[in-house]
Each structure stands twice: as C-alpha cells, then as structure tokens.
Asks: 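Please see the structure below; I have some questions.
The analysis underlying the following values was restricted to heavy atoms, covering all of them including side chains, and did not include hydrogens, waters or symmetry mates. One-based numbering along the sequence shown.
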Amino acid sequence: MKAIPKHLELIFKQNPVRTDIYDLSGSKFNQFSFVRLSEPRSEFLIRQGARYVIESWSHGQKPLFTGLRSIQEGLYYGDTLRNGKRSLMVVKINSAELIIHLFKTYPRGKRLFQLFQSIQEQQTPGTTPGSYCHQPNRQPIRQVVLSY
C-alpha cells in the first residue's frame, strides 16, 4: 500500500437547523467555515458525472464550488483552486459529518488512481447523505402507461 501524500483534513458537522449545511468543527481554516452539499442542477456538472455539489461562500466570494464524483459509496472527489493552482479534494460523507481532505496538487493518470486505491484501503465505507442532502424541487417519478 502506497502512503497517502500530506494533506489538510477538515471536519464539518451537520447544522441542526439547515441539514444541507455543514459547519467547520475544531480547526481554523481561513478559506471557508461552512459548506453546502446538494445535488447537481447544472447540466455541465451532471454531464461530467457529479453526484453531489459542494460549495461555500465567504464575504460575497465563492471560495469553493465543485462537483463531486464517486470513488466508492460514501467517498467522493473533486477539485478546488488554492493559491491559483488546481488541488484535489477527497470528501468522506458520514451521516452527520463531512471529512474533507485537501491536497496541495492534483495528481493525474496513474498517480491519481493509486491515490484513490490507498484512500480506499484506509477508509471504511460511509453512507450517502440521502435525506441530509438538499434536493432541488424534484417530484416523484410517475410511471405513465401509453395505450394506442
């Protein structure tokens, strides 16, 4: 098993009032203090395979906005810009908390695949956010039977 490169680990706890918001817990981080987890609404995110969208705001700016693709159940990845450079973000979703791993770079190709394998070996599967995730106005799918 290959070692996981150094990274910043941030733990966010679910807000009891707004269940789609997760507040930073324990540590100080100057880029954002909360995140919002929702399903993708933009067509470009859906086409790219995003299962969820994670975003945050700070003083009228949006320091975080990315689609999250699945690595395995409860474990997702996306990217973010830090200091003008693209960085890898791996997000573990548990029932009432998010654990975000921020890496300094965004590995490509085989290195990215090896990193995902190392993370999978060290992580236990989480659960999907399900009802915790903000879902845009989507009605239940109804089956329509056409008769000719």
Side-chain angles (χ1 to χ4, degrees), residues 2-141:
K2 193 170 182 174
I4 297 174
K6 288 185 179 182
H7 61 280
L8 183 62
E9 184 175 293
L10 303 170
I11 298 174
F12 291 82
K13 301 287 183 184
Q14 188 176 31
N15 187 303
V17 177
R18 293 193 55 199
T19 57
D20 60 334
I21 301 290
Y22 292 79
D23 299 310
L24 182 61
S25 172
S27 61
K28 290 189 177 200
F29 184 63
N30 62 358
Q31 290 188 358
F32 45 87
S33 60
F34 73 95
V35 295
R36 177 177 177 232
L37 186 69
S38 62
E39 289 185 345
R41 290 175 257 173
S42 301
E43 196 60 38
F44 81 95
L45 288 169
I46 295 168
R47 274 195 315 260
Q48 292 178 2
R51 294 266 314 268
Y52 300 104
V53 172
I54 191 167
E55 58 189 328
S56 186
W57 301 265
S58 178
H59 306 290
Q61 303 270 335
K62 221 176 199 184
L64 176 64
F65 177 82
T66 189
L68 297 176
R69 293 178 176 177
S70 180
I71 297 172
Q72 71 179 34
E73 192 69 26
L75 198 59
Y76 302 89
Y77 76 100
D79 63 354
T80 185
L81 288 177
R82 293 182 64 202
N83 302 324
K85 295 181 182 178
R86 187 174 175 212
S87 300
L88 176 66
M89 174 190 317
V90 176
V91 180
K92 182 179 180 186
I93 301 174
N94 286 326
S95 59
E97 79 176 6
L98 296 177
I99 301 172
I100 297 178
H101 302 276
L102 288 175
F103 294 86
K104 289 184 178 183
T105 62
Y106 194 99
R108 298 182 190 220
K110 188 176 180 181
R111 288 181 39 219
L112 181 63
F113 179 71
Q114 289 171 340
L115 177 63
F116 289 163
Q117 280 185 321
S118 297
I119 291 171
Q120 285 175 323
E121 290 170 2
Q122 291 186 4
Q123 302 288 333
T124 56
T127 57
T128 58
S131 62
Y132 306 114
C133 183
H134 171 72
Q135 299 178 359
N137 301 323
R138 293 200 175 149
Q139 300 297 322
I141 298 173

Asks: List the steps and the verdict of side-chain contact (heavy atoms from CB on, under 4.5 Å) for S56 and F34.
Replies: CA-CA 6 Å; S56 186; F34 73 95; 4.2 Å; yes
Asks: Do L64 and M89 make a side-chain contact, defined as non-hydrogen atoms from C-beta onward lying under 4.5 Å apart?
Replies: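 A side-chain contact exists here, since the closest heavy-atom pair is under 4.5 Å.
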Asks: Could you walk me through whether L24 and L10 pass the side-chain contact (heavy atoms from CB on, under 4.5 Å) test, one step at a time?
Replies: CA-CA 7 Å; L24 182 61; L10 303 170; 4.1 Å; yes
Asks: Applying side-chain contact (heavy atoms from CB on, under 4.5 Å), run through F103 and V90 and close with a yes or a no.
Replies: CA-CA 8 Å; F103 294 86; V90 176; 3.8 Å; yes
Asks: Would you say NZ of K85 has more than 12 non-hydrogen atoms from neighbouring residues, nucleotides or ligands within 6.0 angstrom?
Replies: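 Incorrect, the count does not exceed 12.
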Asks: Is L37 close to L98 at the side-chain level, that is, under 4.5 Å between some pair of heavy atoms?
Replies: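 L98 reaches L37 side chain to side chain.
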Asks: How far apart are the closest heavy atoms of Q48 and R69, and which atoms are they?
Replies: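 It is O-NE, 2.7 Å.
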Asks: Ignoring hydrogens and angles, tell me if any N or O in the side chain of N94 forms a donor-acceptor pair with the backbone of E97 under 3.5 Å.
Replies: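 Looks like no, no N/O pair under 3.5 Å.
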Asks: Checking the side chain of R41 only, and the main-chain atoms of I46 only, is there a donor and an acceptor separated by less than 3.5 Å?
Replies: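 It does not hold such a pair.
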Asks: Is it true that a side-chain atom of T66 and a backbone atom of T80 form a donor plus acceptor pair closer than 3.5 Å?
Replies: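 No; zero donor-acceptor contacts below 3.5 Å.
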Asks: Going by an N to O cut-off under 4.0 Å, is there a salt bridge joining K13 and D23?
Replies: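 No, this pair does not count.
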Asks: Between CH2 of W57 and OG of S33, what distance do you get to the nearest 0.5 Å?
Replies: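 Between atom CH2 of W57 and atom OG of S33 there are 11.5 Å.
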Asks: Side chains of I54 and I100: closer than 4.5 Å at any heavy-atom pair?
Replies: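 Yes, their side chains come closer than 4.5 Å.
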Asks: Between atom CZ of R36 and atom CG of N15, what is the distance when rounded to the nearest 0.5 Å?
Replies: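 CG of N15 is found 12.5 Å from CZ of R36.
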Asks: Assess whether side-chain contact (heavy atoms from CB on, under 4.5 Å) is satisfied between V53 and L45, documenting all intermediate values.
Replies: CA-CA 8 Å; V53 172; L45 288 169; 3.6 Å; yes
Asks: Counting the benzene-type ring for Trp, do Y52 and Y76 have ring centres under 6.0 Å apart?
Replies: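 For Y52 and Y76, the ring centres are under 6.0 Å apart.
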Asks: To the closest 0.5 Å, what do you measure between CZ (R86) and CG (D79)?
Replies: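 One gets 4.5 Å once the value is rounded to the nearest 0.5 Å.
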Asks: Scan side-chain atoms only and decide if S38 and D20 contain a donor-acceptor pair under the 3.5 Å cut-off.
Replies: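 Note: S38 and D20 side chains miss the donor-acceptor criterion.
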Asks: Are the side chain of Q14 and the backbone of Y22 linked by a donor-acceptor contact shorter than 3.5 Å?
Replies: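 Side chain of Q14 to backbone of Y22, a donor-acceptor pair under 3.5 Å: no, none is there.
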Asks: Can you tell if the side chain of R51 reaches within under 4.5 Å of the side chain of E39, non-hydrogen atoms only?
Replies: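 Contact flag for R51/E39 side chains = no.
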